[in-house]
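Numbered from 1 within each chain, the chains take letters A, B, ... in sequence-line order. What you are looking at is a predicted structure, and each value in this text was computed from that prediction instead of being measured.
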Protein chains: 2
Amino acid sequence: MLTKGGCPKNMLSIRDALEALEGRWKMLILFSLSTGPKRFGQIAKEVTGISDRMLSKELKNLEANKLVKREIYSTFPPTVEYTITAHGRSLENVMDALHYWGLAHRKKIMGK
Amino acid sequence: MLTKGGCPKNMLSIRDALEALEGRWKMLILFSLSTGPKRFGQIAKEVTGISDRMLSKELKNLEANKLVKREIYSTFPPTVEYTITAHGRSLENVMDALHYWGLAHRKKIMGK
DNA sequence: CAGTATCCGACAAGATACTG
DNA sequence: CAGTATCTTGTCGGATACTG
């Protein structure tokens, strides 16, 4: 439940969250990784429409924010694997809420 | 809980949600309105940093998406009041999740 | 495969000034 | 008070081409 009254305080944390999740890709990438570790190409395939460039940029940002972990394996050819961290996983509440709300919203707006 | 497997389907609803909530202001405006109906100036004061222009634009967008309702009262001077709709209110789950996650994130990143 | 480099357009958003 | 108009800047993100 939202606390009443001291708005500014609560807003700060929402601002923090929004800042870390800004743009149209981060949540989708995280969502893709929520079903298991994946490689660059695999993520690119699941997150429809994203370019290599954006995926690269976003993954770096997510790594800097400790939402994703990047690991290189010295196989041949070397493979790189991205895993969602525990901290990233803690976003599943948000993604879940967003998912259900998105469903309702589509009905509401696009006409039932 | 997130369903496993059919990612594309679930992603669609997340995309819908993200689209409706894009930008750094909408959620904050909605959050401000979640504590009660407010007038333009009041929202502007609570959502620190927003310009009149952006607030005006965002309110229109939120109204188009049926998240906010705008009412004019023929007092003198005429007052305009913005109220969050039931549909907007259903976002409180999201805002709430975001709020708690933002708190945790700040600790994680800014150093405990 | 897993990216990086460069270029560029579109739009988000700030600053400022003005209106009923 | 509750905005609109105009101008400018900044950033997001797409397209293309290239590398180990």
message: If you compare every side-chain N and O of B/Ser51 against the phosphate oxygens of C/dA13 (OP1, OP2), does one of them come in below 4.0 Å?
response: no
query: How many Å lie between OH on B/Tyr82 and C1' on D/dC1, as a whole number?
result: 11 Å
- request: Take atom CD1 of B/Ile50 and atom C1' of C/dA15, then tell me their distance rounded to the nearest Å.
  value: 15 Å
message: Ring-plane angle category for A/Phe40 and A/Tyr82, please: parallel below 30°, perpendicular beyond 60°, tilted otherwise.
response: tilted
query: What integer distance in Å separates A/Ile29:CD1 from C/dA2:C1'?
result: 14 Å
Sub-4.5 Å side-chain heavy-atom contact between A/Lys38 and A/Thr83: no
- prompt: So what does B/Phe76 touch, heavy atoms closer than 4.0 Å: a base, only the sugar-phosphate, or nothing?
  reply: nothing
- prompt: Quick one: is D/dC1 close enough that its OP1 or OP2 comes under 4.0 Å of any side-chain N or O from B/Arg39?
  reply: no
statement: Separation of C/dC1 atom P from A/Asp52 atom CG, nearest Å, is 10 Å
- line: Ranking A/Pro77 and A/Lys60 by the position along DNA chain C of their nearest nucleotide, the one closer to 5' is A/Pro77
message: Would you say B/Tyr73 places a side-chain N or O within less than 4.0 Å of OP1 or OP2 belonging to D/dC1?
response: no
- prompt: Can you name the one residue among A/Ile43, A/Leu30, A/Asn61, A/Thr85 that meets side-chain contact (heavy atoms from CB on, under 4.5 Å) with A/Val68?
  reply: A/Leu30
- prompt: What is the distance, rounded to the nearest whole Å, between atom CG of B/Leu28 and atom P of C/dA12?
  reply: 17 Å
query: For D/dT4, which nucleotide in any strand shown is its Watson-Crick or wobble partner with both distances under 3.5 Å?
result: C/dA17
field: Atom-pair distance (CG on B/Asn61; P on C/dA13), nearest Å
entry: 11 Å
query: D/dT11 phosphate, OP1 or OP2: any side-chain N/O from A/Arg24 under 4.0 angstrom?
result: no
message: Is it the case that D/dG14 (base atoms only) and A/Arg53 (side chain only) share a donor and an acceptor within less than 3.5 Å, ignoring hydrogens and angles?
response: yes
- prompt: Quick one: are B/Leu91 and B/Ile84 in side-chain contact, heavy atoms under 4.5 Å?
  reply: no
- line: From the candidates D/dA2, C/dG3, D/dG14, the one with an atom nearest any side-chain atom of B/Val80 is D/dA2
Distance, rounded to the nearest Å, where B/Lys57 contributes NZ and C/dC11 contributes P: 10 Å
query: How many Å lie between CG on B/Leu55 and P on D/dG3, as a whole number?
result: 8 Å
message: What's the closest nucleotide to the side chain of A/Phe40 if the choices are C/dG3, D/dC12, C/dC1?
response: C/dG3
- prompt: Do A/Lys45 and A/Thr48 get their side chains close enough for a donor-acceptor pair, meaning under 3.5 Å?
  reply: no
- prompt: So, is A/Arg70 close to the C/dG3 phosphate, meaning a side-chain N or O under 4.0 Å from OP1 or OP2?
  reply: yes
- request: Please determine, for the side chain of A/Met54, which listed nucleotide (D/dG14, C/dG3, D/dT4) has the closest atom?
  value: D/dG14
